[in-house]
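Notes to accompany the following structure.
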Number of protein chains: 2
Amino acid sequence: MATIRDVAKKAGVSVTTVSRALNGYSDVNEKTRERIKAIAKELKYSPNLLARSLVMKKTKTIGLLVSGLRIEGSKDNFTYEVLCGVNDCAGELGYELVLISTDSKKQQEKTYNQLVQERKVEGIILQGIKTDDPYLEEVLKSDIPCILIDIPMESDSVGYVTTDNRDGAKSAVTHLLNLGHKHIGMINGHSQAFVSQERLEGYQEALQEKGIPFNHLYVADGAFLEEKAESETGMLLDKHPEITALFCASDLMAMGAIRAAKKMGRNLPEDLSIVGFDNIILSAYSTPSLTTIGQDRYQLGYEATKLLTDMLEGNKGSKRKVLNTTFIKRESTSENHN
Amino acid sequence: MATIRDVAKKAGVSVTTVSRALNGYSDVNEKTRERIKAIAKELKYSPNLLARSLVMKKTKTIGLLVSGLRIEGSKDNFTYEVLCGVNDCAGELGYELVLISTDSKKQQEKTYNQLVQERKVEGIILQGIKTDDPYLEEVLKSDIPCILIDIPMESDSVGYVTTDNRDGAKSAVTHLLNLGHKHIGMINGHSQAFVSQERLEGYQEALQEKGIPFNHLYVADGAFLEEKAESETGMLLDKHPEITALFCASDLMAMGAIRAAKKMGRNLPEDLSIVGFDNIILSAYSTPSLTTIGQDRYQLGYEATKLLTDMLEGNKGSKRKVLNTTFIKRESTSENHN
DNA sequence: CTGAAAGCGCTAACAC
DNA sequence: GTGTTAGCGCTTTCAG
């Protein structure tokens, strides 16, 4: 593996000159530069980024810290699509990407700061951590630039990107209300996610606008899990047979809800209308296909990276970004005939 | 950011001692070690991995080179699940993971060797590259340890992990034959994938065993694309209405095939049986749900990482691994009544 | 058991 | 334009 010295020796110049020639400095004779370039190529020289980073104190590397890079994530693809966005943007801007995945076991061993300091990432994007995660506090204290996904918190070195969950939820429920539904249940996600709270607010806001009182008995906790949502839906519909429509805080939970409803002999959408949230691939393939609120997970990752690199390069500007949702009408909702 | 010198100074010892103490060498007084450890903690010292790697010439980092980390991958999740497996295994063995994604544009700029040398990965896993990819040749020549996913090629520094595609395909087609189907079409993937060839062989082998002659007109190229598969299926069934069953080389293509068949007014599975390959999430949710050949993508990534780290650590042993498939019976296949 | 010194491959003042 | 020198933070002989 050729080093800069090898090139220098062969070219009969000093390493400094090689360094400057290859890095495009102007204060070097064009002829020398060409010669050096040729030799570098001949020797298949490529710079040792470790050494360079060590002296420059810059790694041009960002980290994507994911809590739970697990196979179950296949169902909603949230992490994957965020990753695609991060990867694309990082690539365009010339940053390397290291993937850091963590779980509670690993967190025992290393603090957030250790994790980040050791790997020498210049900044980091956090995805999938819960609001009660111990890392979150550390992040806010730390002065390593960081962008949070779906956690609306800010500090000098911390920004976030998220979706307008409240508005999305509101439009979902308004859609149901406009179809004539009066008794609308909600299967929410767990409370350790900001988005759950925001989506609940949107649900309430929509009801309020139409003068329908909020009934907390109509809201169940599906924990963002398909199975949990299935059982909760069963119980909810059992206890409150007057419910004719359901807003689920995720498509995956909507899948569970659909299954529960089918099991109870309810026809969809005649007997029960269901709206999801996310617009995951599955939602287009289920029977009935799911009316849902689309959010752009790729863009979430892309914007997070842009925000982060802006911070790293000292571009002052907003450290937050809120993306819009899109309403997607499919087969799982229809007019209330009761 | 505290360095080893800071710790040394505060502890009143040399950097050497600190290094040895913290790295668990035995030739250091236990009391000194404890004192140093305490001070390191107090100073929130964590070693600079760049510096360490530079001197040790070891980075404990592996790369996952993916061709096309794209949002479309959401549909089959191949890359994501492989990534999960790689990440888990790498984590368990104490390796860092850097994600390298490439496309034809990037390949113009940098050769494979440059890409890998610069980042100082000790070894690399290649996923999703086609058989005619220029990188492939470089890989085989290069002496950087590498594991290929789904490309059965070996050299001193190159191994591979794949699925028994031939056997999987064979069991799919045998299943159809056992159901009494005589005219079985195949929607294959593009020819720049080894798996396509292997699955075709399995298809042929199954036919042969039952004494049914191979008809190349029954095989269409769906290019692993849902839409292409849809149109190809339409054409195939148009030209050869005698076909009563279809083996698709991927579930995604099977989704396209299902759609085409439905459009032509064929009832599934009564008028047409379909078997897919992969067992992607969608295959369980489609209507009808898809009979398919399951392959374990997570394990593919996991085993690839194990193979790679074995090579890196000098453990001699097999440099290849072939995983088995599982047959999954669902609703898309039934007996032939024609 | 501990320390001094060398050096990993590179960049960046500062001279010439 | 180019070379000399120092040093990034760490590990590792080699002495003591």
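Chain letters run A, B, ... following the sequence lines, proteins first, then strands; residues in each count from 1. Remember, it's a predicted structure, so these values are computed and weren't measured experimentally.
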For [X] and [N], give me the distance from atom [atom1] to atom [atom2], rounded to whole Å.
X: A/L54; N: D/dT11; atom1: CG; atom2: C1'; result: 13 Å
X: A/R119; N: D/dG9; atom1: CZ; atom2: P; result: 20 Å
X: B/R52; N: D/dC8; atom1: CZ; atom2: P; result: 18 Å
X: B/M56; N: D/dC10; atom1: CE; atom2: P; result: 12 Å
X: B/L49; N: D/dC8; atom1: CG; atom2: C1'; result: 15 Å
X: B/L50; N: D/dT11; atom1: CG; atom2: P; result: 12 Å

Which of A/K110, A/Q114, A/E118, A/Q117 passes side-chain hydrogen bond (donor to acceptor under 3.5 Å, both in side chains) with B/S46? Answer is A/Q117
In a check of side-chain hydrogen bond (donor to acceptor under 3.5 Å, both in side chains) between B/Y302 and each of B/E92, B/R297, B/E81, which one passes?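 Result for side-chain hydrogen bond (donor to acceptor under 3.5 Å, both in side chains) with B/Y302: B/E92.
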Which residue, B/S14 or B/V55, contacts DNA chain C at a nucleotide closer to its 5' end, judged by nearest heavy atom?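 On the 5' side of the pair lies B/S14.
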Judged by each residue's nearest nucleotide on DNA chain C, which is more toward the 5′ side, B/V15 or B/D27?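 Going by which nucleotide is closer to the 5' end, it is B/D27.
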What does [X] touch in the nucleic acid at a heavy-atom separation under 4.0 angstrom: a base, only the sugar-phosphate, or nothing?
X: A/N48; answer: sugar-phosphate
X: A/T3; answer: sugar-phosphate
X: A/N29; answer: sugar-phosphate
X: A/T32; answer: sugar-phosphate

On the side chain of B/S19, is there an atom forming a donor-acceptor pair with the base of D/dT12 - under 3.5 Å, no angle test?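 No such pair is found, so the answer is no.
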Please determine whether the number of non-hydrogen atoms from other residues, nucleotides or ligands lying under 6.0 Å from atom CZ of B/R33 exceeds 12.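 Yes - once you tally the heavy atoms of other residues, nucleotides and ligands closer than 6.0 Å, there are more than 12.
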Which two nucleotides bound the region of DNA chain C that has atoms under 4.0 Å from heavy atoms of chain B, read 5' to 3'? C/dC1 to C/dG9
Can A/S14 and A/T17 be counted as having a side-chain donor-acceptor contact under 3.5 angstrom?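 Yes - a donor-acceptor pair under 3.5 Å links their side chains.
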Quick one: do B/E154 and B/R320 make a salt bridge, cutoff under 4.0 Å?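 Counted as a salt bridge, because a side-chain N and a carboxylate O are separated by less than 4.0 Å.
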Could A/E96 and A/K60 be called an ion pair, given the rule that one side-chain N must be under 4.0 Å from one carboxylate O? no
Any side-chain to backbone donor/acceptor pair from B/T61 onto B/V121? Under 3.5 Å, distance only.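 No, because the side chain of B/T61 does not come within donor-acceptor range (under 3.5 Å) of the backbone of B/V121.
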Would you say A/K57 reaches D/dG9's phosphate, i.e. side-chain N/O to OP1/OP2 under 4.0 Å?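 For D/dG9, OP1/OP2 do have a side-chain N/O of A/K57 under 4.0 Å.
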Short side-chain N/O contact from B/Y25 to OP1 or OP2 of D/dT12, under 4.0 Å: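 Yes, within the criterion.
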